[in-house]
There are 2 protein chains.
Amino acid sequence: MLDLIELLFFAYRNFVSDPDEILQGFGFGRAHHRVLHFVNRHPGMRVTDLLDILRITKQSLGRVLRELVDQGFIDSRAGASDRRQRLLYLTPKGEALTQEFVAIQSRRIRRALEESGGESRELVRRFLVAMIDPEDRSSTEKLIARADQAVEARSAARGRTAG
Amino acid sequence: MLDLIELLFFAYRNFVSDPDEILQGFGFGRAHHRVLHFVNRHPGMRVTDLLDILRITKQSLGRVLRELVDQGFIDSRAGASDRRQRLLYLTPKGEALTQEFVAIQSRRIRRALEESGGESRELVRRFLVAMIDPEDRSSTEKLIARADQAVEARSAARGRTAG
DNA sequence: ACATTTATGTCAGCCATGTTGACTTTTTTC
DNA sequence: GAAAAAAGTCAACATGGCTGACATAAATGT
């Protein structure tokens with residue numbers, strides 16, 4: 001398995017270096033990328049939810065979140081039903097930046113899947129899920145499924161209103 | 001591809017957390033793990049080779065390397081043909097620790113491959129290679145092949161002498 | 001009504017690990 | 001004998017983790 005251990009190291013390093021280059025231009029780092037990514041995937045999420053996903057402390061998150069809000073990449077609105085909550089949304093500016101990250105990382109993955117054969121997508125997906133700690137798997141898969149559904153719902157709504 | 005982007009994040013986080021727990025007991029971090037791993041794979045490698053693989057600065061490496069040498073995990077010997085070089089070797093202590101990392105990470109990968117079907121190993125391998133920047137692929141694959149061959153050569157030598 | 005809990009934010013300081021720049025020593029190479 | 005290469009070191013700085021302590025606003029329970 002030594003080869004796969006190392007390939008995972010080299011592959012992941014290149015994978016995260018794509019966003020890194022873009023982030024440099026804004027004076028941001030990887031921490032900012034992660035926040036933007038998950039807020040994009042779960043618009044209106046609470047700060048606590050983000051902490052649970054990232055598994056970092058409130059203080060660590062606070063630093064990068066403040067910069068993202070101050071510089072107009074993220075919008076933080078009080079919750080309607082519970083006004084203690086700060087619900088997080090991307091601004092158009094934040095959305096544009098996040099799309100860059102998604103585009104470049106998707107391109108790398110798509111290329112890799114094409115190069116590794118027809119049925120690779122489902123198999124790679126199963127492999128990655130199985131690499132996650134068993135006790136975290138179902139919550140992780142649910143999280144991803146929820147985000148995917150929300151994307152579908154939003155695009156369906158756009159279809160009805162704007163077209 | 002959003003699901004795969006996220007699965008890669010979660011999977012890799014768990015993957016590196018295995019060694020992290022062990023390292024804590026020694027007051028070491030991920031940087032120490034990487035150094036031990038590659039010195040294990042390439043016994044007698046030069047400091048420069050390690051810098052090329054890790055892509056960090058001499059100063060960053062210097063800190064962790066000094067700790068590993070001082071605490072008897074790594075042995076640094078002057079090269080025979082070129083005495084400017086410091087050739088790096090694991091001590092028995094370093095070897096024992098490194099085997100722990102390899103064992104726990106191999107176990108996770110093996111389990112994941114089993115859970116994702118029979119032919120997954122070769123496909124996952126091809127996928128990971130294809131995730132690497134094209135210009136780095138051949139050197140990376142050569143590096144891994146060289147390390148694998150060296151392992152074989154050493155175990156063959158053990159077979160002839162000790163058994 | 002009042003006490004408690006929850007969600008969030010913030011200050012201060014520490015640690016690990018990356019960076020740049022400058023400089024030294026030893027040894028090899030031309 | 002000069003230049004280049006391999007390695008090491010000092011100093012200073014950035015990022016992004018961490019702990020601990022504390023503050024505020026709002027919801028919840030009795």
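Here is how names work: the chains are called A, B, and so on, in the same order as the sequence lines, proteins then strands, and each is numbered from 1. The basis for the numbers below is simple: all heavy atoms, side chains too, and nothing from hydrogens, waters or symmetry mates. Given the structure is predicted, the values throughout are model-derived calculations rather than measurements.
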Report yes if at least one side-chain N or O of B:Arg83 is closer than 4.0 Å to OP1 or OP2 of C:dT28; otherwise report no.
no
Starting from P on C:dG18, measure out to CZ on A:Phe28 and report it in whole angstrom.
23 Å
Using 0.5 Å steps for rounding, measure from the CG atom of B:Asp3 to the CD1 atom of A:Ile144.
6.0 Å
If I take atom CG in residue B:Leu50 and atom C1' in nucleotide D:dG8, what distance separates them, rounded to the nearest angstrom?
15 Å
Atom CD of B:Glu67 and atom P of C:dG18: how far apart are they, to the nearest Å?
12 Å
By nearest atom, which of the nucleotides D:dA27, D:dC18, C:dT8 is closest to the A:Ile56 side chain?
D:dC18
Counting any heavy atom closer than 4.0 Å, what does A:Arg63 reach on the DNA or RNA strands: base, sugar-phosphate only, or nothing?
base
Please determine whether any donor N or O and acceptor N or O are separated by less than 3.5 Å between the side chain of B:Arg84 and the base of D:dA5.
yes
Could you pick out which residue, A:Asp49 or B:Ala80, lies toward the 5' side of DNA chain C when each is mapped onto its nearest nucleotide?
A:Asp49
OP1 or OP2 of D:dC18 sitting under 4.0 Å from any side-chain N/O of A:Thr57?
yes
Can you see if the side chain of B:Arg66 gets near the phosphate of D:dT9 - specifically, an N or O under 4.0 Å from OP1 or OP2?
yes
Would you compute the distance between atom CE of A:Met131 and atom CZ of B:Phe10 and round it to the nearest 0.5 angstrom?
14.5 Å
Reckon B:Thr48 has a side-chain N or O less than 4.0 Å from the OP1 or OP2 of D:dA6?
no
Classify the angle between the aromatic ring planes of B:Phe26 and B:Phe73 as parallel (below 30°), tilted (30 to 60°) or perpendicular (above 60°).
perpendicular
Looking at A:Arg30, does any N or O in its side chain come under 4.0 Å of the phosphate oxygens OP1/OP2 on D:dT15?
no
Ignoring hydrogens and angles, are the base of D:dG16 and the side chain of A:Arg34 linked by a donor-acceptor pair under 3.5 Å?
no
B:Leu61 CG to C:dA16 C1': how many Å, rounded?
15 Å
Under 4.5 Å between side-chain heavy atoms, counting indirect links through other Ile/Leu/Val/Met/Phe/Trp/Tyr residues: same cluster for A:Val129 and B:Val16 or not?
yes
With hydrogens left out and only the distance checked, is there a donor-acceptor pair under 3.5 Å joining A:Gln59's side chain and the base of D:dG20?
yes
Please state whether the phosphate of D:dC18, meaning OP1 or OP2, lies under 4.0 angstrom from any side-chain nitrogen or oxygen of A:Ser60.
yes
Would you give the length of the straight line joining atom CZ of A:Arg55 to atom CG of A:Asp136, rounded to the nearest 0.5 angstrom?
4.5 Å
Taking OP1 and OP2 of D:dG16, is either one under 4.0 Å from a side-chain nitrogen or oxygen of A:His32?
yes
Just checking B:Gly62: base, sugar-phosphate only, or nothing, at a heavy-atom cut-off of under 4.0 Å?
nothing
